[in-house]
Each structure stands twice: as structure tokens, then as C-alpha cells.
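See below for the structure under consideration.
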Amino acid sequence: MIKPRLYRGMRDIEPAEMEFQEIVLAKVQELFKKFGFLPLKTPAIEYLDILTGKYGEESEKLFYNLAYGDGHTLALRYDLTVPLARYIAMHTHELPNIFKRYQIQQVWRAERAQPRQGRFREFLQCDVDIIGSNSLVSDAEIIAISIECLEALGFKNYSVKLNHRVLLKGLLNEAGVHQENEMVVCRILDKIDKIGMDKVKAQLEKDLLEPGQIKKLFTFFDSKADNEQKLTNLENMKLNKDAQKGIEDLKTILGHLNSFNISQDKIEFDPALARGLDYYTGSIFETVLLDHPHIGSLTGGGRYDNLIGVFIGRDIPACGTTVGLDRIVTALSEMKRLDKKIPSNKVLVTILDENYASYSIKLASKMRKEGITVDLFPEPASIRYQLSYADKMNIEFVLLIGENEIKNKMIRLKNMKTGEQTDYPEDLIIKEIKKLTDKKENGKIENAKTP
RNA sequence: GUGGGCAUAGCUCAAUUGGUUAGAGCACCUGACUGUGGAUCAGGAGGUUGCCGGUUCAAUUCCGGUUGCCCACCCCA
């Protein structure tokens with residue numbers, strides 16, 4: 001015998017959770033379509049050199065590398081953005097000048113799994129990207145779509161953090177931070193919210209920066225004002241070109257977001273936000289749940305204007321975000337929005353007698369043609385056995401079909417909730433069932449807790 | 001990758017300072033109920049106490065190792 005087990009970070013998504021995931025997925029997908037995005041799928045496996053050199057050293061340690069007999073070096077995709085860039089590079093001439101695509105597929109990362117934080121080694125990402133435009137309308141639209149996504153799923157207390165890579169670079173330059181220290185400094189700065197200003201200062205002082213540099217840096221980050229004010233404050237400092245470019249971009253994006261009718265208080269300009277992936281070149285953003293900080297970001301993205309160029313030697317601007325579907329489901333289930341028992345509007349058609357199995361099959365088929373969801377019991381068995389199944393499956397309506405029914409030409413309908421049983425002539429039974437299940441379906445829609 | 005905790009029935013957990021046959025609830029199966037589920041009652045099945053070694057007359061309990069899981073940090077979706 002082989003002990004059944006799962007590789008760490010992998011999980012089975014069981015029927016109840018899967019049904020829930022499908023509801024969430026349908027909403028997300030509908031939204032992407034509404035924004036005019038086209039679907040795309042790419043393979044799980046890519047050549048290793050397609051993936052390397054894009055994410056940064058730390059991330060690339062998390063690739064699942066595949067050994068294969070023919071000597072090719074392969075890996076499972078780490079995200080959906082680089083495969084998209086590869087796809088664009090292979091099809092530049094056929095694609096429209098602006099290409100908006102959404103993609104919903106799994107990605108794999110060999111990091112330590114942590115279910116409570118919605119963190120797995122295999123997880124579902126929903127990406128939306130706009131390829132081919134420099135316009136900051138794209139950045140704003142991508143942020144708008146992330147927000148609409150969360151709104152559609154019923155999230156309320158979230159915040160979109162927004163920053164700009166060029167601005168960040170400019171600010172670090174102003175403070176004289178060496179390039180090799182940039183990432184480390186960013187990472188520490190990022191923790192201002194979590195561990196507080198003083199601890200951050202202490203960490204920076206520890207053989208990284210001079211007190212003078214730290215003082216300078218904090219003139220940029222130490223601000224409680226609103227977005228507009230923060231940006232204006234920075235602008236008034238007359239900083240280097242990079243910083244100014246970043247500020248200008250962010251102001252423009254915030255302006256467009258206004259036009260998208262996105263309320264400004266959902267967005268927080270955070271000059272310390274860095275984000276991990278190397279390929280970002282402009283705006284960067286992510287969303288977090290204020291009540292569930294341990295879950296980390298639900299969405300994250302930014303502008304990456306020279307990623308595609310890596311494959312064709314000519315830059316094509318691009319901007320996009322990913323929506324972390326598994327993480328969203330984790331968050332919703334933590335918020336108790338996930339109803340484990342999804343009400344069923346199925347009808348169970350029983351087979352009580354082997355001799356009349358064909359009658360049950362035919363009736364089930366007829367009902368399905370009428371649009372009724374029918375679960376046909378697969379074998380002749382005792383009523384007890386089949387009713388107990390219906391009970392476990394939360395099925396409300398059961399059709400009893402056995403010798404009595406065939407002889408009397410009456411089908412017995414049992415309501416599992418009330419225990420009531422009524423006999424209907426063959427020609428009326430479908431109509432009756434349809435009436436009952438339609439009613440239930442409507443009630444279900446009216447009463448459905450929006451996840 | 002760093003730190004901490006846990007490991008006993010399918011699940012959730014008991015088992016006195018180390019002491020006889022490792023228990024309970026839920027779930028499962030059978031019957032009361034030969035055409036009626038949930039409720040009740042009676043019974044049944046289910047275990048190499050993660051694995052390997054050590055200490056001891058005796059280990060679920062103590063020690064060492066190992067594997068797995070959980071939590072936090074890091075990073076991220």
C-alpha cells in the first residue's frame with residue numbers, strides 16, 4: 001500500500017469550497033470581460049531561460065525546476081506576467097496595437113506554505129494586463145479594475161497602496177543610498193506601519209546608513225497628510241528628475257482614478273511601498289485588508305515597460321495586476337462569508353427496483369431536457385439507502401420510482417424538508433418539479449449572501 | 001530561508017508523578033424499521049500512540065534523532 005499524502009503546499013479543494021470558488025471566479029471573470037479584456041491561457045511549463053532574470057534573485061530561488069530526459073531546462077511558471085510577455089513577443093505582428101488580456105491559471109512557488117495566510121505553493125492567479133500603451137490611463141484602469149473586483153466580492157475595509165518605482169529610486173538617490181543597498185533599505189522602510197518609525201530608524205542605522213541620510217530619508221516618508229498633500233509636499237522639495245517624474249505620474253494616475261469614480265480614501269500613496277519583482281518600471285500598487293493584515297496582499301501589480309523588450313529587443317509598454325484568487329477565498333472564509341453548505345436545488349431520481357431502472361433513467365433524461373438539475377441514483381438500492389444519500393447531499397426533492405409507482409402510473413414525490421409525500425401522474429410530475437425547483441432557484445438568488 | 005509549537009481512531013480531543021486490556025464525542029456500519037432520511041435506542045468495526053533508536057522491570061508519557069504538520073518572521077498572491 002502507498003500512503004495517501006500531499007506534497008507540502010498542495011491541497012485538494014473540496015466540493016463545497018470549489019462551488020464557492022466558482023462563484024467568485026465567475027464574478028471576477030465577468031468583470032474582466034466587462035472591461036473589454038480577452039482571455040488567454042499559456043502552458044504551465046516554460047523554458048527556464050524565459051523565466052530567469054526577470055523577478056530578482058530571491059524570487060528565482062522559488063522556481064520549481066524540472067529535470068527532463070531530453071536535456072531541456074524547464075520550470076513551472078512563477079507568475080502569469082512573464083509568460084504573457086513571452087507570448088506578446090512571439091505574436092507582436094498579429095496582435096492589436098493595444099492588447100488587453102485576462103488570464104486565470106495556477107502558478108507555482110517553492111516557498112513555505114502557510115494556509116492561514118492564504119499562502120500555498122500552487123495557487124490561482126487572475127491577471128489583467130494592458131499591453132502597448134504608455135498612457136497612465138492604463139495604470140488607473142488597472143487599479144480601478146482591482147478595486148471593482150474587491151467591491152464585487154463584498155470587501156469593504158481594504159486599502160490600495162500606491163507608489164512609483166522611479167520616484168522611489170529618486171528619493172533613495174536624494175538620500176545617497178547606494179544602489180546595492182536599495183532593496184534592503186526599501187524592505188526596512190516598508191515596515192514603518194508594522195513596527196513603527198523608531199525601530200525602522202534603528203535598523204537603518206545598523207551599518208546601512210549615516211544618521212544624516214536617515215534624517216533626509218524621513219523628510220520624505222514621515223507624513224500623515226492625504227495623497228494630494230503628500231505629493232505636493234514632495235514636489236515642493238524640488239528633488240531630482242526621477243522623483244519629479246514619479247510624482248507627476250502619480251498625480252496623473254490619481255486624477256484618472258477620480259474620473260473612474262474611484263473614491264480617493266480607498267487609495268493610499270505610500271512612498272515606502274517597494275514590491276518584490278524586478279520587472280516593474282513605473283507605478284506599483286497592491287491591496288491589503290485592514291482587518292486581516294496577516295493575509296498579505298490580495299492583489300498586486302504595476303507598470304513594466306521593458307519586460308517584453310527582453311525577448312524582442314524593442315520595448316513595448318505594459319501595465320497590469322494580479323488578483324490572488326486563493327487568497328481572496330481564504331480571506332472570505334476567514335470572514336465567515338463562505339457558507340460550507342451550499343443549498344442544493346437538485347432532484348434525486350431513485351431506482352428502487354432493478355426491473356424499472358430504465359424508467360428512472362428515461363425520466364431523469366426528460367427532466368434534464370427541461371432544465372432541471374437531476375441526480376440519478378446509480379444503482380437499485382433500498383429506499384433507506386437512497387434517502388440517506390439525499391439527506392447527506394442536502395437534496396430537497398426525491399422522486400421515488402419502484403414497483404408501486406409503475407403499477408399505479410403515479411410518481412411519488414418526497415419533500416425531504418417537510419417529509420411530505422405526494423403522488424403525481426406521470427404527465428404532471430415534470431411540470432410540478434419544475435415549478436418547485438424554479439421557485440427554489442429564485443429564492444436562492446434572492447437570499448444568496450454575496451460572497 | 002530563520003525561530004517556536006505540536007504529532008494518540010476518518011475528524012476533534014482524553015489517558016493521574018512512567019503502571020494492567022489506550023478512552024470519549026462526532027462520523028461510519030448493523031439492527032429496532034423486509035417501501036422511507038435526519039431524531040432516539042441497542043450493538044459493531046476502527047490503533048504498530050508519525051518513524052528510528054535510547055533509558056527503564058515497565059514508555060502514549062522521559063531522552064536523542066528523523067519525518068510531517070501548524071504558527072510567527074521573511075517575502076509575496
Side-chain angles (χ1 to χ4, degrees), chain A residues 3-11 28 55-62 77-81 104-127 146 149-150 161 183-184 186-188 190-191 194-195 203 273-277 284-289 293-301 320-331 348 350-353 356 377 380-408 412-421 423:
Chain A
K3 194 186 175 188
R5 69 218 132 99
L6 280 175
Y7 171 60
R8 183 177 190 146
M10 303 290 138
R11 69 239 161 87
V28 172
Y55 302 103
E57 217 178 298
E58 289 300 309
S59 303
E60 288 176 19
K61 279 184 196 155
L62 305 181
R77 61 169 171 251
Y78 178 85
D79 73 353
L80 302 178
T81 307
I104 303 176
Q105 286 187 277
Q106 250 105 336
V107 305
W108 293 268
R109 298 183 186 177
E111 60 192 330
R112 175 149 278 159
Q114 204 121 329
R116 202 175 96 88
Q117 299 175 358
R119 189 199 186 79
F120 307 98
R121 285 178 171 169
E122 174 185 58
F123 58 98
L124 198 57
Q125 287 200 326
C126 310
D127 271 36
S146 327
C149 224
L150 296 182
K161 292 188 166 191
M183 273 324 278
V184 195
C186 284
R187 221 171 282 150
I188 296 171
D190 204 43
K191 288 190 279 193
K194 266 189 205 160
I195 63 174
Q203 285 192 24
L273 175 72
R275 295 194 52 77
L277 305 179
I284 45 176
F285 36 83
E286 65 182 32
T287 53
V288 289
L289 291 182
H294 64 274
I295 292 182
S297 51
L298 294 191
T299 78
T321 192
T322 168
V323 175
L325 193 100
D326 283 316
R327 198 161 274 184
I328 282 172
V329 170
T330 302
L348 181 72
T350 58
I351 300 178
L352 298 184
D353 189 319
Y356 305 113
F377 206 82
S382 68
I383 285 206
R384 180 191 185 73
Y385 193 66
Q386 300 189 56
L387 287 183
S388 133
Y389 169 79
D391 186 56
K392 187 147 204 179
M393 293 294 291
N394 208 19
I395 291 175
E396 190 173 342
F397 306 110
V398 178
L399 290 185
L400 300 175
I401 297 167
E403 200 181 352
N404 296 349
E405 282 73 16
I406 303 292
K407 278 191 179 149
N408 301 333
R412 177 159 291 186
L413 167 67
K414 181 177 173 96
N415 182 319
M416 295 293 283
K417 230 181 221 163
T418 62
E420 265 179 284
Q421 305 190 58
D423 291 347

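Here is the naming used below: chain letters follow the sequence lines, and residue numbers restart at 1 for every chain.
The CZ-C1' distance, from A:F120 to B:C69, rounds to 14 Å in whole Å. Atoms CG (A:D79) and P (B:A77) sit 8 Å apart, rounded to a whole Å. Rounded to whole Å, the distance from OH on A:Y55 to C1' on B:C76 is 13 Å.
In this structure, the side chain of A:R121 engages the main chain of A:E111 through a donor-acceptor pair within 3.5 Å. Panel note: side chain A:E60, backbone A:E57; no donor-acceptor pair is recorded below 3.5 Å. Using modelled atom types, one side-chain atom of A:T350 and one backbone atom of A:L399 make a donor-acceptor pair closer than 3.5 Å. Formation of a donor-acceptor pair under 3.5 Å by the A:R327 side chain with backbone atoms of A:G118 is found in this model. Using a distance-only test at 3.5 Å, with no hydrogens or angles considered, no donor-acceptor pair links the side chain of A:R412 to the main chain of A:E405.
Comparing the same atom, P, in B:A72 and in B:A9 gives a spacing of 25 Å after rounding to whole Å. Distance check on atom P: B:G47 versus B:G38 gives 26 Å, rounded to whole Å. Comparing the same atom, C1', in B:G50 and in B:A7 gives a spacing of 7 Å after rounding to whole Å. Separating the P atom of B:C69 from that of B:U8 is a span of 14 Å, rounded to the nearest Å. With both ends at atom P, the span from B:G4 to B:G18 equals 25 Å, rounded to whole Å. Across B:U60 and B:U20, the matching C1' atoms stand 15 Å from one another, rounded to whole Å. Taking atom C1' in both B:C74 and B:C13, one finds a spacing of 34 Å when rounded to whole Å. For the P atoms, the distance linking B:G10 with B:C29 amounts to 16 Å, nearest Å.
Applying the 4.0 Å criterion to OP1 and OP2 of B:C73, one finds that A:R112 has every side-chain N and O outside that range. The phosphate of B:A72 has OP1 or OP2 within less than 4.0 Å of a side-chain N or O from A:Q114. The side chain of A:R109 contributes no N or O atom lying less than 4.0 Å from OP1 or OP2 of B:C76. Between A:K392 and B:C28 there is a side-chain N or O to OP1 or OP2 distance below 4.0 Å. In terms of phosphate contacts, A:R384 brings a side-chain nitrogen or oxygen within less than 4.0 Å of OP1 or OP2 of B:G37.
For A:P115, the listed nucleotide lying nearest its side chain is B:C70; candidates were B:U36, B:C70, B:G38. Of the listed nucleotides (B:U36, B:C73, B:A77), B:C73 has the atom at the smallest distance from the side chain of A:Q117. Between B:C70, B:G35, B:A77, one nucleotide has an atom nearer to the side chain of A:E403 than all others, and that is B:G35. Of all nucleotides listed (B:A77, B:U36, B:G37), B:G37 comes nearest to the side chain of A:M416. When distances are taken from the side chain of A:E111 to each of B:A72, B:G37, B:A77, the shortest belongs to B:A77.
The residue A:R116 sits close only to the backbone: its heavy atoms come under 4.0 Å of sugar-phosphate atoms, none of a base. Residue contacts shown for A:N404 include a base, since a base heavy atom lies under 4.0 Å away. Within the 4.0 angstrom heavy-atom criterion, no nucleotide atom of any strand lies near A:E396. No contact: A:L325 has no heavy atom under 4.0 Å from any strand. Residue-level contact check: A:Q421 touches the bases, meaning some heavy atom is under 4.0 Å from a base atom. Among the atoms of the strands shown, base atoms are found under 4.0 Å from some heavy atom of A:G296. Contacts of A:S59 with the nucleic acid, taken as non-hydrogen atoms under 4.0 Å apart, are absent. If you check every strand for non-hydrogen atoms under 4.0 Å, A:K414 touches a base. Contact annotation for A:L298: backbone-only contact, meaning every heavy-atom pair under 4.0 Å involves sugar-phosphate atoms and none involves a base.
Using a 4.5 Å heavy-atom threshold, the side chains of A:Y55 and A:D79 count as touching.
Nearest-nucleotide assignment on RNA chain B puts the 5′-proximal partner with A:L387, out of A:A274 and A:L387.
Aromatic stacking is marked for A:F123 over B:A77, as both cut-offs hold: 5.5 Å for the centres and 30° for the planes.
A:Q386 contributes no side-chain N or O that forms a donor-acceptor pair with the base of B:G35 under 3.5 Å. Judged by atom type and distance alone, A:E122 does not reach the base of B:A77 through any side-chain donor-acceptor pair under 3.5 Å. For A:R412 against B:U36, a side-chain-to-base donor-acceptor contact under 3.5 Å is present. For B:C76, its base sits under 3.5 Å from the side chain of A:R327 at one donor and acceptor pair at least.
Using Watson-Crick or G-U wobble geometry with both donor-acceptor distances under 3.5 Å, B:U56 finds no partner in any strand shown. B:G38 is unpaired under the criterion used here, namely a Watson-Crick or G-U wobble arrangement in which both key atom distances are under 3.5 Å. Within the shown strands, B:C13 is the pairing partner of B:G23 under the Watson-Crick or G-U definition, both distances less than 3.5 Å. For B:C74, there is no paired nucleotide, since no Watson-Crick or G-U wobble pair has both relevant distances below 3.5 Å. B:G44 is paired with B:C28 under the Watson-Crick or G-U wobble criterion, all donor-acceptor distances under 3.5 Å.
A distance of 5.5 Å separates NZ in A:K407 from OH in A:Y356, rounded to the nearest 0.5 Å. Here A:L325 contributes atom CG and A:D127 contributes atom CG; the two are 11.5 Å apart, rounded to the nearest 0.5 Å.
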